[in-house]
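Heads up, the thing below is written out as structure tokens.
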Amino acid sequence: MSSQTPQTNLSMERFRLDGMMVACAFYGVFFLLTVQAWIVLMQRPRYRREIADHRRALLFYVFITFVLGTISFGMNAKYTEMIWIDLRNAPGGPLALIEGFMSYRINFIALATGHIQGWFMQVPLLYRCFVIWNWSRWVMVPMITLYVVMIGFSITVLYQAGTNGSFYNNPIELAYLCIEVGHTVIYTILVTNRLFVMRGRMKQIMAQYDSSTYDAIALMVIECAALYSVFAIIFIVSFGMHSDGVVTLCFLSIGKIQGIAQLFIIIRVARGRAVTHEWSTQDTAIITAMAFTGTVSGITEGTDNERIGRPERDVIQLYGDSDSRRAAEVSVSVA
């Protein structure tokens with residue numbers, strides 16, 4: 001008895017279905033973290049006056065990225081339903097629908113909202129980097145240039161996807177992904193390098209200086225960047241090797257993973273978990289301050305990496321009391 005089922009690639013269909021299930025899990029986490037971030041920002045965090053000052057901007061960021069991510073997720077979920085239910089009798093079967101998914105406007109909307117969501121998610125990275133580097137031009141100019149180039153490639157990808165329905169074999173999409181991931185990796189290197197150099201300078205000034213605060217901030221930045229970067233690198237390698245199944249699986253989840261990484265930082269800093277640390281017992285209090293923004297009046301002369309200034313607005317303050325209990329309050333802007 002001959003089967004009337006059209007010839008198809010079952011592994012590709014499995015990747016699409018499995019990718020959608022993985023995306024559902026990540027979207028659930030993204031939704032929960034969005035609610036937590038909204039609640040903690042509405043409570044005007046007591047640990048960070050700067051977060052309270054930038055509360056509206058952060059609330060807008062949380063809102064717009066969630067809306068864009070939800071639209072993208074909803075469109076992908078709807079098309080997955082269409083593949084096996086609404087369009088199950090389409091010529092070529094599910095495989096043709098998966099490989100030619102950009103022929104349907106619903107998928108263009110999903111791709112466009114996902115890209116625009118990515119634009120917004122890169123903005124906090126730029127701001128944090130500029131703040132920690134005291135708005136240094138040699139950091140600002142290349143980072144902004146890279147960001148503008150990324151948006152340019154993104155617009156080109158959307159234009160090509162909307163006109164000829166290309167995606168899997170589009171080299172511009174690969175270039176866009178590389179620039180986006182490179183932007184995140186460069187941000188991570190710049191921020192952690194700055195923090196470690198500051199830590200080294202403080203140790204030179206005070207022999208008993210406890211550097212665990214800097215280590216905690218650097219670790220938080222690296223953890224959140226790694227969460228997205230590792231997944232994105234798998235996406236890039238698969239795209240370059242034309243492994244369409246893995247590309248499909250990664251494509252459906254990458255926006256949610258990027259959003260999760262950003263929300264982790266916002267929530268942890270707003271709640272003070274990333275900025276408060278109980279110091280080990282020492283005999284005397286240590287009081288220091290380091291400016292991250294504003295006009296820096298240097299205690300030492302040299303490059304930006306060697307300048308330690310007086311506290312302005314975004315400040316690291318390390319302080320203690322005579323009871324030998326130490327607390328560290330680190331003010332790192334996340335807006």
Please confirm whether the backbone N or O of [Y] pairs with a side-chain atom of [X], one donor and one acceptor, at under 3.5 Å?
{"X": "Asn134", "Y": "Ser136", "value": "no"}
{"X": "Ser253", "Y": "Cys250", "value": "no"}
{"X": "Ser243", "Y": "Ser238", "value": "no"}
{"X": "Asn76", "Y": "Ser72", "value": "yes"}
{"X": "Tyr79", "Y": "Leu97", "value": "yes"}
{"X": "Gln258", "Y": "Tyr228", "value": "no"}
{"X": "Trp38", "Y": "Val62", "value": "no"}
{"X": "Tyr176", "Y": "Ile151", "value": "no"}
{"X": "Thr184", "Y": "Glu180", "value": "yes"}

Determine whether His115 and Leu158 satisfy the following criterion, side-chain contact (heavy atoms from CB on, under 4.5 Å), listing intermediate values before the conclusion. CA-CA 8 Å; His115 275 234; Leu158 294 176; 4.2 Å; yes

Ignoring hydrogens, what is the shortest heavy-atom contact between [X] and [Y]? Give both atom names and the distance.
{"X": "Ala110", "Y": "Met75", "value": "CB-CB, 3.6 Å"}
{"X": "Leu252", "Y": "Arg16", "value": "CD1-O, 3.8 Å"}
{"X": "Val191", "Y": "Cys129", "value": "CG2-CA, 4.1 Å"}
{"X": "Phe251", "Y": "Leu111", "value": "CE1-CD1, 3.6 Å"}
{"X": "Thr145", "Y": "Val141", "value": "OG1-O, 2.7 Å"}
{"X": "Met121", "Y": "Leu125", "value": "O-CG, 3.9 Å"}

Step through it carefully: locate the ring centre of [X], locate the ring centre of [Y], and say whether they are under 6.0 Å apart.
{"X": "Tyr61", "Y": "Phe120", "answer": "no"}
{"X": "Trp135", "Y": "Tyr127", "answer": "yes"}
{"X": "Phe31", "Y": "Phe26", "answer": "no"}

Give the cluster check for [X] versus [Y]: same hydrophobic cluster or not, with ILVMFWY residues linked at side-chain heavy-atom distances below 4.5 Å.
{"X": "Val185", "Y": "Val149", "answer": "yes"}
{"X": "Ile267", "Y": "Ile39", "answer": "yes"}
{"X": "Trp119", "Y": "Leu58", "answer": "yes"}
{"X": "Val148", "Y": "Trp138", "answer": "yes"}
{"X": "Met42", "Y": "Leu32", "answer": "yes"}

Can you tell me how far [atom2] of [Y] sits from [atom1] of [X], rounded to the nearest 0.5 angstrom?
{"X": "Ile83", "Y": "Ile98", "atom1": "CD1", "atom2": "CD1", "result": "4.5 Å"}
{"X": "Asp244", "Y": "Leu95", "atom1": "CG", "atom2": "CG", "result": "9.5 Å"}
{"X": "Ile186", "Y": "Ile179", "atom1": "CD1", "atom2": "CD1", "result": "10.0 Å"}
{"X": "Arg268", "Y": "Gln36", "atom1": "CZ", "atom2": "CD", "result": "12.5 Å"}
{"X": "Ile116", "Y": "Ile64", "atom1": "CD1", "atom2": "CD1", "result": "8.5 Å"}
{"X": "Leu177", "Y": "Ile172", "atom1": "CG", "atom2": "CD1", "result": "11.5 Å"}

Considering only heavy atoms from C-beta outward, does the side chain of [X] approach that of [Y] to under 4.5 Å?
{"X": "Tyr147", "Y": "Val123", "result": "yes"}
{"X": "Glu173", "Y": "Gln160", "result": "no"}
{"X": "Phe66", "Y": "Phe63", "result": "no"}
{"X": "Met143", "Y": "Val139", "result": "yes"}
{"X": "Ile266", "Y": "Leu41", "result": "yes"}
{"X": "Tyr187", "Y": "Val221", "result": "yes"}
{"X": "Thr113", "Y": "Phe73", "result": "no"}
{"X": "Met220", "Y": "Ile265", "result": "yes"}

Can you sort out the partners of Phe15 under ring pair (Phe, Tyr, Trp, His ring centres under 6.0 Å), two or more places apart, ordered by chain and number? none

Chi angles and distances behind the side-chain contact (heavy atoms from CB on, under 4.5 Å) call for Thr34, Phe30: CA-CA 6 Å; Thr34 298; Phe30 180 56; 4.0 Å; yes

Neighbour count >12 (heavy atoms, 6.0 Å) for atom CE, Met21: no

Go through the steps to decide whether Tyr104 and Leu87 satisfy the test side-chain contact (heavy atoms from CB on, under 4.5 Å), and finish with yes or no. CA-CA 12 Å; Tyr104 294 84; Leu87 304 175; 3.8 Å; yes

Could you note down all residue pairs passing salt bridge (Lys or Arg N to Asp or Glu O under 4.0 Å) where residues 58-80 supplies at least one of them, sequence neighbours left out? Lys78-Glu81

Worked verdict on Tyr168 versus Thr248 for side-chain contact (heavy atoms from CB on, under 4.5 Å): CA-CA 9 Å; Tyr168 286 113; Thr248 300; 2.6 Å; yes

Classify the ring geometry of Phe101 against Phe167: parallel below 30°, tilted from 30° to 60°, perpendicular beyond 60°. perpendicular

